[in-house]
Each structure stands twice: as C-alpha cells, then as structure tokens.
Amino acid sequence: MQDRTYTENAEPGDDVTVAGWVHEIRDLGGIAFLILRDTTGKIQIKFEKDEMDEDLVETGLGVSRESVVSVSGSVEEEPRAPTGVEITPDELEVISEADPELPLDPSGKVDADLSTRLDNRTLDLRKEEVQAIFEIRAEILRAAREQFREFHCTEINTPKIVATGTEGGTELFPITYFGEEAFMNQSPQLFKQLIAGSNVERVFEIGPIFRAEEHNTPRHLNEATSIDFEGAFCDADDAMDVAEGVVTAAYEAVAENCSDELEALGLAEEFEAPDGDFPRLSYEEAIERINATGELDEQLVWGDDLPTEAEKALGDDVGGHYFITDWPSEIKPFYIKDHDDDEQLSTGFDLMHPRMELVSGGQREHRHEALIEGFKQQGLDPDQFEYYTKMFKYGMPPHAGFGLGGERLIMTILGLDNIREAVLFPRDRQRLSP
RNA sequence: GCCCGGGUGGUGUAGUGGCCCAUCAUACAACCCUGUCACGGUUGUGACGCGGGUUCAAAUCCCGCCUCGGGCGCCA
C-alpha cells in the first residue's frame with residue numbers, strides 16, 4: 001500500500017498499484033472493464049478474458065460493487081478509455097468485500113431520499129457531488145478564517161457547556177454536569193463579548209451552537225455551526241463591513257478554488273460571487289418597500305417582525321444580499337444597544353440572502369447599568385449572569401459583532417434545498433444518529 | 001408548537017375498493033456479447049411502515065402509533 005498511486009496520477013508507461021472502490025463492472029463478453037474509484041477520480045481496469053490469467057479475471061469480475069480492491073499493473077494510453085488511460089492488471093487483491101445489496105447507489109443511477117442518504121452517509125459521500133459539497137464547505141470555512149485574520153481577529157474557542165443561556169432557559173438542551181444542571185450553549189454571544197472587552201479586542205469563533213427548538217424546516221438545525229465576530233471599538237457599520245467581507249470572501253474562494261467541485265454540482269456555468277457591496281436598508285425603509293410590493297395581504301406597520309412571506313417579497317425585490325438595520329428595540333435582544341438619540345431604535349442588523357436570514361448582529365450594550373436594566377426588562381435575573389455583567393464594571397469598550405449561520409452560508413452559496421445537505425451528520429428534531 | 005402531504009422489493013417509483021397473485025427503472029442472480037463510457041440483450045429473484053377497524057372484497061377507506069417531507073411561527 002505504501003507504493004499506492006492515486007488514479008489521477010497514473011501516467012502511461014508507469015507500473016502502478018492503485019487502490020480504491022469498485023465503481024462499476026462492465027462485462028462485454030470477451031472483454032470486460034472494472035472502473036476503480038479513489039478520492040482523486042476513476043480509472044479503468046481492462047480484462048481480456050482469453051489472454052489473461054483465469055484466476056485474475058475471475059476475481060476481478062466476480063467482486064461486488066463498492067468493494068475495496070488494490071490493483072497492480074501497467075498504465076497504457078487508450079483513447080477508448082473514459083480517462084484516456086487504462087490499466088492492464090497483473091495482480092488484484094480484494095481488500096474488503098462489499099455486500100452486493102447496497103442501501104443506496106453511489107454511482108447515482110437511482111436517487112435516494114435525503115433520509116436514506118443520511119442513514120448511509122459513508123456511501124452517500126462516495127458520490128462526487130456530495131463530496132463536492134464538503135470540499136466546498138472546507139474551503140468556505142478556510143476563507144472565512146483567512147478573512148477574519150485579515151481583519152486582525154484572533155480565533156477563540158468558548159465553552160459549549162454552560163451554566164446559563166444567552167437569553168434564558170427555554171430553548172436550551174439541559175444536561176447534567178457532575179450532578180448540577182447545565183446546558184449546551186446556544187451561542188457564544190456572552191463569552192465573545194467578554195474577550196472583546198480585553199486587550200484582544202477583535203475575536204472570531206467558528207464552532208457549534210445548540211438550540212432545542214422543535215422546528216422542522218429545511219433551514220434549521222438543532223446543532224449548527226456559528227461563525228461569530230466581536231470587535232471592540234466597533235459600531236454596527238463596522239460589524240456589517242466585516243460580515244460583508246467574510247461572506248464575499250467565501251464566495252470568491254469558492255469561485256477561485258473549487259471549479260471541479262462546482263462542475264460536479266452542475267454550478268460551474270452560473271456561479272458568481274456578489275460584488276461585496278450589500279445595500280443597507282433601515283427597518284423602516286424595508287417595511288415600506290415590502291408594503292410597496294403588494295405581495296402581502298396585510299400591510300406591515302412599524303414594530304412588526306418580518307414574516308417569512310415579507311422576507312421573500314423583499315428578497316425578490318432587492319435581488320441579492322442586503323442588510324436590514326435599525327430594528328425596533330423591542331424585537332431585538334437586550335444586549336443590543338439602542339441608538340443614543342432614540343431608545344426605541346436599536347443598532348441591531350440582519351444580513352439577508354434573498355432566501356433567508358444569514359446574519360444577526362449589532363452594537364452591544366457596554367454600559368453596566370443599562371445592561372443590568374436590560375436583563376430585568378427581559379425577565380431575567382441579572383445575578384445569574386454575574387460572571388458576565390461584572391466585567392462591564394472594569395472598563396468595557398463600546399463593541400459590536402454578529403453571528404453568521406455557517407450552514408446557511410454554505411446552503412445559499414450552493415443553492416442547496418435542505419440545510420441538512422451541508423452537514424455530514426445533521427441533528428434535527430428526529431435525528432440523533434448517526 | 002400549529003397546519004398540510006407522504007410511507008409500496010436493496011434503492012427510486014406507478015397504482016384512490018375487485019380490472020393489479022402490484023407497474024417501471026435500477027440493483028441482485030444466471031446466460032449471451034471483444035471497446036464499454038448511464039454498455040446492450042434474454043430469463044429470473046425480490047415490496048404494500050406498525051397495530052386495530054369497516055367491507056363479500058383493502059396497498060387503496062377509517063382510527064391510533066411510528067416515521068419522512070413541506071408550510072407557518074421562531075431563528076442563524
């Protein structure tokens with residue numbers, strides 16, 4: 001195995017050993033072909049029945065699809081072969097035989113339901129287009145990290161087991177922590193603020209968040225990847241600049257570095273990175289614009305949250321990414337700061353993709369007294385959050401940040417219909433394994 | 001959490017009371033075929049989510065459960 005050659009590197013004239021999965025066997029009678037697949041692609045193995053060792057032919061053509069085999073032989077140029085080269089085998093070893101009855105078809109001739117695919121993710125990932133999603137996911141996360149570094153951010157990791165939630169206890173997964181009640185964290189919100197208030201100033205985190213909401217939609221997960229930013233001495237506009245930069249960088253990285261994967265997904269032709277200058281509509285402008293579309297039965301009034309229908313109408317109208325800024329304070333969390341000259345108006349913003357919300361952010365309340373007041377107004381006991389609030393007594397700069405839904409970013413970049421496509425092993429209301 | 005629509009061989013489907021001992025594709029088995037590239041051909045194997053009910057007769061209608069998908073709410 002140490003001398004194994006990847007199929008894409010098998011050059012005519014070489015004697016090689018390739019190893020991988022049996023993608024398909026085509027038996028034409030006197031001649032037969034075994035298509036061997038590895039992580040780099042496929043290569044054809046030729047069997048001429050009358051001219052080759054009988055045992056070799058029997059083993060090679062008797063093996064079931066998706067079995068793991070290793071083949072040694074000479075690579076020859078062959079225009080009639082799918083990749084232009086084929087291997088004439090001297091030796092073939094069946095390393096791991098596959099059950100002939102597969103739970104789904106990795107060659108993709110017959111579709112499988114998402115549920116069947118997720119139950120058999122290993123087989124599902126043998127499909128080129130599924131593998132492409134996760135190669136692109138890796139590239140998106142790499143590009144996001146790089147972009148944050150360019151914005152002088154430090155990557156942090158905050159605890160996922162916590163004593164209290166961000167906004168109360170209702171939508172948290174409770175766990176037992178050495179006999180004490182604890183929760184899976186729904187957001188790194190409070191922790192990232194605590195670090196932004198130190199000399200570190202600018203931080204980002206890419207990590208899991210857990211939400212116990214019993215929704216069942218194509219765009220929600222109970223365990224998701226949150227891409228978070230928090231920066232000291234930043235205001236909402238600064239945070240929006242960062243969000244815009246990260247989202248745009250992700251698109252650009254995919255466009256530049258993932259052409260094979262886009263090809264596999266059938267997106268190579270139409271794929272386009274946005275120009276990175278997303279319109280910033282105030283909440284007030286947004287509801288006016290939604291009302292003007294005439295898509296809604298009832299006109300929105302100031303103070304309403306935007307129903308899904310309204311988001312869709314506005315998304316169609318704008319036709320690309322856009323921000324909604326200056327939301328009514330009442331419908332934004334308490335830790336979002338109000339405008340100094342209008343306490344009805346928050347500095348909260350959302351970044352919207354025409355299909356759904358991607359980002360939620362804002363400038364944070366950094367004044368200790370106002371923060372304590374915010375907890376009380378939200379019906380939360382400030383004492384429970386003392387680990388957090390007390391740091392606001394020792395020099396907390398103004399700061400702003402956001403949370404970006406990692407899977408939603410991947411989903412919208414690739415036009416996936418279901419967010420579960422963007423996660424290897426998604427956790428939803430019904431799915432706890434694999 | 002509320003509302004809607006589904007669950008048929010390994011996989012994906014057709015089939016709204018008897019005309020269907022369940023259709024088609026693919027997979028699987030056997031045979032034929034010396035250049036396939038979704039190879040082709042012949043034959044064969046294999047299924048009505050679970051439990052109860054209605055009916056002379058149920059995949060099909062009703063009830064409960066499990067499960068999948070979608071919409072809304074909420075969100076990232």
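A, B, ... follow the sequence lines: proteins, then strands. Residue 1 opens every chain. The structure presented is a predicted model; accordingly, all values stated were derived computationally and were not measured.
- Residue A:Glu150 qualifies as enclosed at atom CD: its count of foreign heavy atoms under 6.0 Å is above 12.
- Residue A:Thr116 has a polar side-chain atom (N or O) positioned under 4.0 Å from OP1 or OP2 of B:rG12.
- Only the C1' atoms considered, B:rC24 is 27 Å distant from B:rA57, to the nearest whole Å.
- With both ends at atom P, the span from B:rC68 to B:rU13 equals 16 Å, rounded to whole Å.
- Going from the P atom of B:rU54 to that of B:rU16 covers 25 Å, rounded to whole Å.
- Residue A:Glu139 places its CD atom among more than 12 non-hydrogen atoms of other residues, nucleotides or ligands, all under 6.0 Å distant.
- Both cation-pi conditions hold for A:Arg280 and A:Phe323: the charged atom is under 6.0 angstrom from the six-membered ring centre and inside a 45 degree cone around its axis.
- The residue A:Ser226 sits apart from the nucleic acid: no heavy atom pair falls under 4.0 Å.
- Pairs of residues two or more places apart, or lying in two chains, never qualify as ring pair (Phe, Tyr, Trp, His ring centres under 6.0 Å) while including a residue from residues 70-100 of chain A.
- RNA chain B is contacted by A:Phe33, A:Gln44 of residues 32-45 of chain A, taking any non-hydrogen atom closer than 4.0 Å.
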- Task: Begin with the C-alpha distance, continue with both residues' side-chain angles, and end with the deciding distance and a verdict on side-chain contact (heavy atoms from CB on, under 4.5 Å) for A:Ser64 and A:Glu97.
- Result: CA-CA 7 Å; A:Ser64 53; A:Glu97 189 126 25; 3.9 Å; yes

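- A salt bridge is defined here as a Lys NZ or Arg NE, NH1 or NH2 lying under 4.0 Å from an Asp or Glu carboxylate O, and A:Arg37 with A:Glu66 meets this definition.
- Two rings, from A:Phe385 and A:Phe375, have their centers less than 6.0 Å apart.
- Within the 4.0 Å cut-off from OP1 or OP2 of B:rG71, not a single side-chain nitrogen or oxygen of A:Thr217 is found.
- Contacts with RNA chain B (heavy atom under 4.0 Å) in residues 309-319 of chain A: A:Glu311, A:Lys312, listed by number.
- Heavy-atom contacts from other residues, nucleotides or ligands closer than 6.0 Å to CD of A:Glu263 number 12 or fewer.
- Taking the ring-ring contact (aromatic ring centres under 6.0 Å, His included) definition, one finds that A:Phe47 meets it with nothing, sequence neighbours left out.
- When heavy atoms are screened at a 4.0 angstrom cut-off, A:Leu28 is found touching base atoms of the nucleic acid.
- Aromatic ring centres of A:Phe229 and A:Phe402: separated by under 6.0 Å.
- Between A:Lys109 and B:rU11 there is no side-chain N or O to OP1 or OP2 distance below 4.0 Å.
- Within the 4.0 angstrom heavy-atom criterion, no nucleotide atom of any strand lies near A:Leu114.
- For the pair A:Ile140/A:Leu409, a side-chain contact is recorded, criterion being any heavy-atom separation below 4.5 Å from C-beta on.
- If you check every strand for non-hydrogen atoms under 4.0 Å, A:Glu223 touches nothing.
- Under the Watson-Crick and G-U wobble criteria, each requiring two contacts below 3.5 Å, nucleotide B:rU42 is paired to B:rA30.
- Base contact: A:Ala224 has a heavy atom under 4.0 Å from a base atom.
- Contacts of residues 49-68 of chain A with RNA chain B (heavy atom under 4.0 Å): A:Asp50, A:Arg65.
- Between A:Tyr251 and A:His321, a ring centre-to-centre spacing shorter than 6.0 Å is recorded.
- Between A:Phe33 and A:Ile45, every side-chain heavy-atom pair lies at or beyond the 4.5 Å cut-off.
- B:rC65 is paired with B:rG49 under the Watson-Crick or G-U wobble criterion, all donor-acceptor distances under 3.5 Å.
- Annotation: side chain of A:Leu36 is not in contact with side chain of A:Ile87 (no heavy-atom distance under 4.5 Å).
- Proximity of residues 403-426 of chain A to RNA chain B (heavy atom under 4.0 angstrom from any strand atom) is restricted to A:Gly403, A:Gly405, A:Arg408, A:Asn418.
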